[in-house]
2 protein chains.
Amino acid sequence: MNKVSKRQTTTAETKSKLFDSALTLFSDKSYAATSIRDIIQLAGVTQPTLYYHFSDKADLFQKLVEHHYGQSQQQLIQLVQETEGLRERLLALLIRSFEFCAADPRIPKLMFQTYYGPSIPEVSDTIETLTTSRFQLVVDVMKQGIKAGELTDSNPEFLALSFCCLMDQPINLFSRKPDPSQYLTQELAAAIVELFLNGAASSD
Amino acid sequence: MNKVSKRQTTTAETKSKLFDSALTLFSDKSYAATSIRDIIQLAGVTQPTLYYHFSDKADLFQKLVEHHYGQSQQQLIQLVQETEGLRERLLALLIRSFEFCAADPRIPKLMFQTYYGPSIPEVSDTIETLTTSRFQLVVDVMKQGIKAGELTDSNPEFLALSFCCLMDQPINLFSRKPDPSQYLTQELAAAIVELFLNGAASSD
DNA sequence: AGATTCATATAACGATCGTTATATGAATGT
DNA sequence: ACATTCATATAACGATCGTTATATGAATCT
């Protein structure tokens, strides 16, 4: 005997289809360039159905963002807790982020569209919070690296910014290509960590 | 005796005001979220005036992009030619790029809005060409650095990508703040070059 | 079995979008 | 002085936007 009724099941599927269509379109065309009609057409429903599940376009967007960001954010925090050593942590962060992208490139694409695109007043607070939270995670990793003597005693915010650049830009670049996992390999992750820690200059 | 008539002068001013308004709005709200009416209102003209000078919205956008990108691109190429040594070249590229941003943050903002935003079919070729050209400039610098023994003999595309990340992201981040020149200092440029060349790890 | 609620659809609203047919007045050429 | 061209404005077009009043049929409850 199923706990959920037939109605609840199909309803959840409708909502899921709307989320999926919105993710596809928002990540490809941005929030502003995607219309409600684009979304409902791809989901195979009508406009009042969307407005039954979400109060308006901004609400759909916000719930979409919170859904996907919350998940990956929590996993990254846990990943750092489970890992020891600066190099290991940075590598783990990179590989896990690459895996996220390979699993569904639409999510980083949405993230970048949202972050670089025009601010959407209704959700800019949510975005700000999530962005800051992830950055702070990397800052904390750097602070611990400095304390452990694994890093030069410089500005941890600068180090975090630098590492985030080296992590995010390749994800952003390759998430736009047909098969991101082809580029976002463990080898690339290792090369980025190596560059971040030891630089590109010849050692002699 | 002026070469240009009174009519030509005011006409040029009108066109310039349209460019300026478009730059302000496109860089802030993106192409999709900016309406023709926003632009003409800020410029203080009417819609047919815009359509007299530009064939349509995409044409205005393309001419705006070509105008600003062409300028800065050419200057960067010249800068590399005038400079010798890898470290000096990288530092010069960074400082000049920071100066561009400080002079008018709307231009990098437009660049990032355009690059990360939804593709605009009418101008995506133009963007692609300009982006590739600048990346290739950095790749060439890296190749010469490898040949001169200043860099480890690794993938020049990887090195160029890494350096572009470290150059572009701070510009992008700080061009959104009230006073970019406050952050985009020569000290930051030097710190980025140092990190790129020698890494963040402690030297012992 | 009948009443009710829930999830979806039909069809339309007013607002705004990009665009343009037409008019007007100033600068220019003769 | 007058005709013409050039740069701008008035006003409107059809299309699309986000949103919603209303209807309908299926699932649930009594």
Side-chain angles (χ1 to χ4, degrees), chain A residues 1-22 25-26 28-65 117-124, chain B residues 1-22 24-26 28-65 117-123:
Chain A
M1 191 94 50
N2 246 333
K3 248 200 212 161
V4 294
S5 70
K6 204 176 288 180
R7 179 141 80 192
Q8 280 171 324
T9 308
T10 56
T11 297
E13 276 167 11
T14 299
K15 205 165 178 178
S16 169
K17 264 195 294 187
L18 281 169
F19 264 134
D20 193 67
S21 302
L25 292 165
F26 284 150
D28 184 49
K29 307 202 303 175
S30 85
Y31 179 79
T34 300
S35 74
I36 293 286
R37 284 172 177 82
D38 291 335
I39 298 169
I40 60 118
Q41 187 177 330
L42 187 61
V45 299
T46 57
Q47 301 191 53
T49 298
L50 188 150
Y51 282 94
Y52 179 81
H53 291 285
F54 306 97
S55 64
D56 55 21
K57 192 187 179 187
D59 180 51
L60 166 59
F61 186 74
Q62 172 162 353
K63 284 177 176 156
L64 183 70
V65 167
S119 85
I120 303 148
E122 292 93 338
V123 303
S124 58
Chain B
M1 191 90 56
N2 246 331
K3 246 199 212 161
V4 293
S5 69
K6 203 175 290 180
R7 180 141 78 191
Q8 280 172 324
T9 308
T10 57
T11 298
E13 278 168 11
T14 299
K15 204 165 179 177
S16 169
K17 263 193 294 185
L18 281 169
F19 264 134
D20 193 66
S21 302
T24 299
L25 292 165
F26 284 151
D28 184 48
K29 308 203 302 173
S30 86
Y31 180 79
T34 300
S35 74
I36 294 287
R37 284 173 177 83
D38 291 335
I39 298 169
I40 60 116
Q41 187 176 332
L42 187 61
V45 300
T46 57
Q47 301 191 52
T49 298
L50 187 150
Y51 282 94
Y52 179 82
H53 291 284
F54 306 97
S55 63
D56 54 20
K57 192 186 178 187
D59 179 53
L60 166 59
F61 186 74
Q62 172 162 355
K63 283 176 177 156
L64 183 70
V65 167
S119 85
I120 302 147
E122 292 94 337
V123 302

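Predicted model, so just to flag it, every value in this text is computed and none were measured.
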* Within the pair A/Thr49 and C/dT8, is there a side-chain N or O less than 4.0 Å away from OP1 or OP2? ->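 So the side-chain polar atoms of A/Thr49 never come under 4.0 Å of the phosphate oxygens OP1 or OP2 of C/dT8.
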* Asked: Does B/Thr14 make a side-chain N or O approach to OP1 or OP2 of D/dT8 shorter than 4.0 Å?
  ->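 Affirmative; the distance criterion is met.
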* Asked: Between atom OH in B/Tyr52 and atom C1' in C/dA26, what is the gap in whole Å?
  ->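 Taking OH of B/Tyr52 and C1' of C/dA26, I get 13 Å after rounding.
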* Asked: B/Lys29 has an atom NZ; how far is it from atom P of C/dT16, in whole Å?
  ->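 Value for this atom pair: 12 Å.
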* Asked: With sequence neighbours excluded, what pairs up with A/Asp28 under the side-chain contact (heavy atoms from CB on, under 4.5 Å) test?
  ->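 Once residues adjacent in sequence are excluded, the partners of A/Asp28 under the side-chain contact (heavy atoms from CB on, under 4.5 Å) criterion are A/Lys109.
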* Could you list the residues that satisfy side-chain contact (heavy atoms from CB on, under 4.5 Å) with A/Ser119, not counting sequence neighbours? =>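 Partners of A/Ser119 by the side-chain contact (heavy atoms from CB on, under 4.5 Å) criterion come out as none, since no residue qualifies.
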Quick one: which protein N/O atoms are closer than 3.5 Å to N/O atoms of nucleotides 19-22 of chain D? Pair and distance per line, please.
{"from": "D/dT19", "atom 1": "OP2", "to": "A/Tyr51", "atom 2": "OH", "distance (Å)": "2.6"}
{"from": "D/dT19", "atom 1": "OP2", "to": "A/Lys57", "atom 2": "N", "distance (Å)": "3.2"}
{"from": "D/dT19", "atom 1": "O5'", "to": "A/Tyr51", "atom 2": "OH", "distance (Å)": "3.2"}
{"from": "D/dT19", "atom 1": "O4", "to": "A/Gln47", "atom 2": "OE1", "distance (Å)": "2.5"}
{"from": "D/dT19", "atom 1": "O4", "to": "A/Gln47", "atom 2": "NE2", "distance (Å)": "3.3"}

* Indicate, with a heavy-atom threshold strictly under 4.0 Å, whether A/Ser35 touches base, sugar-phosphate, or nothing. =>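 If one applies the 4.0 Å heavy-atom cut-off, A/Ser35 turns out to touch the sugar-phosphate alone, with no base involved.
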* Asked: How many angstroms lie between NZ in B/Lys15 and CG in B/Leu60, if you round to the nearest 0.5 Å?
  ->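 Separation between the atoms: 10.0 Å.
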* All ring pair (Phe, Tyr, Trp, His ring centres under 6.0 Å) counterparts of B/Phe19, not counting sequence neighbours ->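 Applying ring pair (Phe, Tyr, Trp, His ring centres under 6.0 Å) to B/Phe19 gives B/Phe54, B/His67.
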* **For A/Phe61, all residues meeting ring pair (Phe, Tyr, Trp, His ring centres under 6.0 Å), sequence neighbours excluded** =>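 Ring pair (Phe, Tyr, Trp, His ring centres under 6.0 Å) list for A/Phe61, sorted by chain: A/Phe26, A/Tyr31.
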* Asked: Does B/Lys29 have any salt bridge (Lys or Arg N to Asp or Glu O under 4.0 Å) partners at least two apart in sequence or in another chain, and if so, which?
  ->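 Once residues adjacent in sequence are excluded, the partners of B/Lys29 under the salt bridge (Lys or Arg N to Asp or Glu O under 4.0 Å) criterion are B/Asp38.
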* With both distances under 3.5 Å as the test, what is the Watson-Crick or G-U wobble partner of C/dT22? ->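 D/dA9 - that is the nucleotide pairing with C/dT22, both distances being under 3.5 Å.
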